[in-house]
Student: 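I'd like to ask you about the structure that follows.
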Amino acid sequence: MQAILGVLFHFIGGFASGSFYIPYKKVKGWSWETYWLIGGLFSWLIVPPLAAWITIPDFATIIAETKFSTLTLTYFFGLLWGIGGLTYGLGVRYLGVSLGSSIILGLCMVFGALIPAIYYQFNPGESKDTIGMLTGTYWGLTILAGLAICILGIIWCGKAGTQKEKFLQSGATNTTANQEYKFGIGLLVSIISGILSACFNFGLEAGKPMANTANEIWKAANAGQGEFLFQNNVTYVVVLWGGLTTNLVWCLLLNYRNKTFGDYSSKSVPIAKNLLFCALAGTTWFLQFFFYGMGESKLGNGPSSWILHMAFIILVANAWGLVLSEWKGTPVNARKNVIIGILLIILSVLVVGYGNSIRT
């Protein structure tokens, strides 16, 4: 039952992450850096402490009493992750929701799942999965098999993406595909984003003492009721400070370079609607981690949680790509390949879920 709940929570979080970019498509008259920053203020600054306050009333005290070295390392990984999140927006812009998310999150999944396991192989931690455990147990090998299947699905989606690019470059115009589609630069920023986005998982590991404190306080007041579902909400606050710093600096620099500071006060755009859609996008984005924390409390912060989270995001993002007609008018083979990729990702979720359910 715990495994089923964990998978369900990860699905809800994955749906939120795979869907957050949709409201941005409704923003009118604002440059990318403007709406990304406004939405980000909700994602990184407004909603996280609000969620922490609702679920952990003493979250500020926990942060204040945490070792400075722990806060610094957590914040540092947040900075690196912020660069990954920043380039995620560019990757989706140039490759579309489905292909961009597949490449970025696929790399993020691999690095985020395996690097902590390798680290804990040489620096053991309590209840931490190591690479030796993954390669030396049936459940671990099952989870790695699910990871391999997901990577295969990502490759299949990438194949569909190259077919789509060739089609667009052929001069065909009877398509509603992303008009900003640029495979080369999109692939570059997606690779950067995929690698650095994995730092969010490292940030959670670095800030685990804060989550443990929240968990202990809750368990003391709720004896016999298991692990605290919302323990990670206090860690998110610090990690996302790092993400805020990176994105704030970059977006303001772009505002300056592109002379787009006027976006914030322009009377020629629907400012109220733009703010609403940015707030919706930013809040939806944060919900991915809100539910990730709930899923992690059921499955543990091992590779299975991270793989499931990323796989569900990739699945939902690709589904949105089909719904939004990003593949409409493209060759039949391209559409078939992206569907095959989605099916492989679904299979990978089932395999990882099974691997976690048989864990002893």
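Note that this is a predicted model, so its numbers are computed, not measured.
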Student: Determine whether a donor-acceptor pair (N or O, by modelled atom type, separation under 3.5 Å) exists between the side chain of Thr72 and the backbone of Phe68.
Tutor: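 Yes: the side chain of Thr72 pairs with the backbone of Phe68.
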
Student: Keeping Asn255 on the side-chain end and Glu33 on the backbone end, is there a donor-acceptor pair under 3.5 Å?
Tutor: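 Between the backbone of Glu33 and the side chain of Asn255 there is no qualifying donor-acceptor contact (under 3.5 Å).
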
Student: Indicate yes or no for a side-chain donor-acceptor contact from Thr246 to the backbone of Gly82 under 3.5 Å, with no hydrogens or angles considered.
Tutor: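 Such a contact is absent between Thr246 side chain and Gly82 backbone.
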
Student: For the residue pair Thr70 and Thr74, establish whether any side-chain heavy-atom pair is separated by less than 4.5 Å.
Tutor: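 SC-SC contact between Thr70 and Thr74 confirmed.
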
Student: For the pair Tyr35 and Trp32, name the ring-plane relationship: parallel under 30°, tilted 30 to 60°, perpendicular over 60°.
Tutor: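 Perpendicular: the ring planes of Tyr35 and Trp32 meet at over 60°.
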
Student: With under 30° as parallel and over 60° as perpendicular, where do the rings of Tyr236 and Phe289 fit, or are they tilted in between?
Tutor: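 Tilted: the ring planes of Tyr236 and Phe289 meet at 30° to 60°.
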
Student: Could you tell me if the ring centre of His10 sits under 6.0 Å from that of Phe291?
Tutor: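 Ring centroids of His10 and Phe291 are no less than 6.0 Å from each other.
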
Student: May I ask you to decide if Gly132's main-chain N or O and Gln121's side chain share a donor-acceptor pair within less than 3.5 Å?
Tutor: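 Such a contact is found between Gln121 side chain and Gly132 backbone.
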
Student: Does the side-chain hydrogen bond (donor to acceptor under 3.5 Å, both in side chains) test come out yes or no for Trp30 and Asp263, once each step is laid out?
Tutor: CA-CA 6 Å; Trp30 277 359; Asp263 288 352; 5.2 Å; no

Student: Taking Asn274 for the side chain and Lys28 for the main chain, is one N or O donor matched with an acceptor at less than 3.5 Å?
Tutor: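 Between the backbone of Lys28 and the side chain of Asn274 there is a qualifying donor-acceptor contact (under 3.5 Å).
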
Student: Mind telling me whether Phe77 and Phe202 have parallel, tilted or perpendicular rings, with 30° and 60° as the class edges?
Tutor: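 Correct class here is perpendicular.
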
Student: Anything under 30° is parallel, anything over 60° is perpendicular, the rest tilted; go ahead and classify Trp218 against Phe228.
Tutor: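 Plane angle under 30°, so parallel.
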
Student: Any idea how Trp44 and Trp285 line up, ring-wise: parallel (<30°), tilted (30 to 60°), or perpendicular (>60°)?
Tutor: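 Rings of Trp44 and Trp285: perpendicular, over 60°.
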
